[in-house]
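Per chain, numbering begins at 1; letters A, B, ... match sequence-line order.
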Amino acid sequence: MTASRDTDDAAQNPQQTSDRPRPLRTPSNEHDSLKYHLLGPSLTKAGQDTVDQHKVSEVIYNASKGSKFFNNEEVKDKNLTEKITKILAKRRQLEQLDVASDLRRADDYIAELELTRDLSQAIVHIDCDAFYAAVEELDRPELKDVPMAVGKGVLTTCNYHARRFGCRSGMAGFVAMKLCPQLICVPMNFAKYSAKADEVREVLALYDPGFESASCDEAYLNLTKYCEDHSMDPQEAVSQLRAEVHEKTKITVSAGIAANAKLAKICSNQNKPNGQFYLPSDRQTIIDFMKTMPTRKVNGIGRVFERELDAIGVKTCGDIYAHRAYLSQLFGQKAFQFLMQCYLGLGRTTIQRAEDYERKSVGTETTFKELQSPDALRDKLRHIAEELEGDLKRTEYKGRTLCIKIKLYTYEVHTRQTTPPFAIHKADDLYKYSLPMLEKLMKEIPNMRLRLMGLRVTHIVTTKKPGIDFFGRVKISATATKNTTTANGRDWEVWPEEEFEEAARQERNDEMNELEKLSQEYEQQQQHIVDTDGKTDQETVAEEQWTCPICALQQPPNDATFNAHIDFCLSKQTIKEVVKSTTPPTLDASKTVQKKGKRGRPKIETLASEQQAREKRRAFFSPGGA
DNA sequence: GCGGATCAC
DNA sequence: TATGGTGATCCGC
């Protein structure tokens, strides 16, 4: 029972070349894994090379020991250790069985993936170096030469001087001060960073107008066209881009140039700060590059998954191959697919403009000094509801589902959700429908003491003015006239291809939007509640004949019986059926806009040839399938 | 669909 | 003394 994990073990077993998985190891030492976990989520970030991680780990451990936060981390670590024990037991069991068919499936999948490999694009990932800290240093040059961090309580980022002491983003301020007593912490000023980010983006747009903002300080570009137009090497182009960014904004950026977004992201980290790394778009070069790449360097593999993979002997992306027969069973199909793409160095080559991104939720949460009294908790909830109302107003959304999140003083997190009868956005409604959830939680958890509370709406619909509404009434808006669409004329086929997706998306949005409105009006009329917004619709209704999409009855839209008629028809047909029946027939599922997470865990991507093979694989991986 | 967990920044 | 906020995805049930 002496086996430890992480770096120690690597020294003992430096080579793992066998095609068979290495022998199982005894469960890791809890103490070590916890210490490693406490090092934080940004361990692999640049600037830590010269740091004595063991020493840093000790400082963090001792600073944290005994705190509620620490205790919770300990619990989580213990749970993970248990989970890993189960994973190892499951693999031991799988090893007793015949893995030939699993192996063949994995190899088939690899062959299939290989067909999707696209080496024709020059994808670039741009990452601003210690962005917030760099912006602060521009304002206060004296901070340039001393350890400095942005953020109070928890560091959001820190400069490279601070990193040499072991300070990192996500680290508690007081822990950072233990590591580096002379650390200067400056408060966040998001407006400032945002303005500077716009300056940077202005330059990026010169190189690829369709570039993708991955976050405030990160972007993906496709430089293929730029290089063609200017007869330039991707490396030259990126050198020039970085120089231009620095010249115009005084911000240094690092860049990765590769065949796809996943590789480019890894590459941008190679020569940080203020450097660039080019990975030639050659299959063997890519495979070799990934072979020695620690799993943790891949976007999407964090502390937990890293440890799970480590437990079965996978430290680098190259190690994945030897374990391919087990991965699906041990971690699920999605993880299997993701890992195989890591091994092969595959990733998306499509870059999506930020404007094309559709958000899926809007929420707000806040940490506070421990609260316990029901009255105080209700007050807090009310306050958060008002905050969320403001956010929803700004973003122009309403939500069909409302989620409440609480964090106990022990750092234990719970969430509850409910679906109000209509999409909501007003503080009164947000409060009204979240309060019962809070009350229920207070019942379930006696003497509930909280340190955080949050609200979030999902299944959102825009409240932006639509061009044409659900019932075909023309509304006055900028977009209504743009495409010369008539009230009942939907000439989808003749639309230019590039407008199709946007139009389809807008159409669905409009329908959902109007549906929400109708649904809400319907609910409120049922409850005899006066809706002051109700008039707006009628005021903007066009003065022309209207045809009911449900029963085809024709009548003037402003007729007094109009709303009554809608109610009547709706009462005969459920909302869902209405949506179905009014979806444009030309909407092909394969043409729908690919949705992509912006921040957050990267979605496991489905590559091109998978589209055709999807059905096949579904049977393939289904329980007892094949 | 719900709740927990993980991940990125 | 003391460990964030926003948004997304995946899994098991």
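When distances run from any side-chain atom of A:S215 to the nucleotides C:dG5, B:dG4, B:dC9, the shortest one goes to B:dC9. For A:R451, counting side-chain heavy atoms from C-beta on, the closest listed nucleotide (C:dA2, C:dG4, B:dC9) is C:dG4. In the set C:dT3, C:dT6, C:dG5, the nucleotide with an atom closest to the side chain of A:T364 is C:dT6. Of the candidate nucleotides B:dG1, C:dA8, C:dT3, B:dG1 has the atom lying nearest to any side-chain atom of A:Q417. Closest to the side chain of A:D217, from the set C:dT6, C:dT3, B:dC9, is B:dC9. Of the listed nucleotides (B:dG3, C:dG5, C:dT9), B:dG3 has the atom at the smallest distance from the side chain of A:R416. Candidate nucleotides C:dG5, C:dT3, B:dG3 were compared by shortest atom distance to the side chain of A:E365, and C:dG5 ranks first. Closest approach to the A:T415 side chain among B:dG4, C:dG4, B:dT6 is made by B:dG4 (side chain taken as heavy atoms from C-beta onward). If you check C:dG7, B:dG4, C:dG4 against the side chain of A:H414, the one that comes closest is B:dG4. Looking at the side chain of A:V304, the nearest of the listed nucleotides B:dG1, C:dG5, B:dT6 is B:dT6.
Atom-to-atom, NZ of A:K272 to P of B:dC9 comes out at 10 Å; the value is rounded to the nearest Å. Counting to the nearest Å, the P atom of C:dG7 and the CD atom of A:E358 are 15 Å from each other. What separates CG of A:L309 from P of B:dC7 is a distance of 10 Å, to the nearest Å. Per the geometry, CZ belonging to A:F336 stands 18 Å off C1' belonging to C:dC11, to the nearest Å. Atom pair A:K407:NZ and B:dT6:C1' shows a separation of 14 Å (rounding to whole Å applied). The distance between atom CZ of A:F305 and atom C1' of C:dT9, rounded to the nearest whole Å, is 13 Å. In this structure, A:F190 places its CZ atom 14 Å from C1' of C:dG4, rounding to the nearest Å. Atom P of nucleotide B:dG4 and atom NZ of A:K83 are separated by 15 Å, given to the nearest angstrom.
Cation-pi contact between A:R449 and A:Y409: present, with separation from the ring centre below 6.0 Å and deviation from the ring axis of at most 45°. In this structure, A:R348 is positioned above the aromatic face of A:Y220, its NZ or CZ under 6.0 Å from the six-membered ring centre and within 45° of the axis.
Toward the 5′ end of DNA chain C lies the nearest nucleotide of A:F69, the other residue of the pair A:S361 and A:F69 mapping further downstream. Residue A:L80 is the one, among A:L80 and A:H125, whose nearest nucleotide of DNA chain B lies closer to the 5' end (criterion: closest heavy atom). Each of A:N79 and A:T419 lies near DNA chain B, and the nucleotide nearest A:T419 is the one positioned closer to the 5' end.
Residue contacts for A:Y411: at a heavy-atom cut-off of 4.0 Å it reaches the sugar-phosphate backbone alone, with no base atom in range. Base contact: A:R456 has a heavy atom under 4.0 Å from a base atom.
Side-chain atoms of A:S64 come within donor-acceptor range of the base of C:dT3, with a qualifying N/O pair under 3.5 Å.
For A:S42, no side-chain nitrogen or oxygen approaches OP1 or OP2 of B:dA8 to under 4.0 Å. Phosphate contact (OP1/OP2 of C:dA8, side-chain N/O of A:Y357, threshold under 4.0 Å): present. Look at A:K405 and you won't find any side-chain N or O under 4.0 angstrom from OP1 or OP2 of B:dC2.
Using a 4.5 Å heavy-atom threshold, the side chains of A:C317 and A:V298 count as touching.
Taking the C1' atoms as reference points, B:dC7 lies 15 Å from C:dG4, given to the whole Å.
Looking only at atom types and distance, the side chain of A:D217 has a donor-acceptor partner in the side chain of A:S215 under 3.5 Å away. In this model, a donor atom of one side chain and an acceptor atom of the other lie less than 3.5 Å apart for A:D77 and A:S33. Side chains of A:K68 and A:N71: no donor on one and acceptor on the other come within 3.5 Å.
Using a cut-off of 4.0 Å between Lys/Arg side-chain N and Asp/Glu carboxylate O, A:E73 and A:K76 are scored as salt-bridged.
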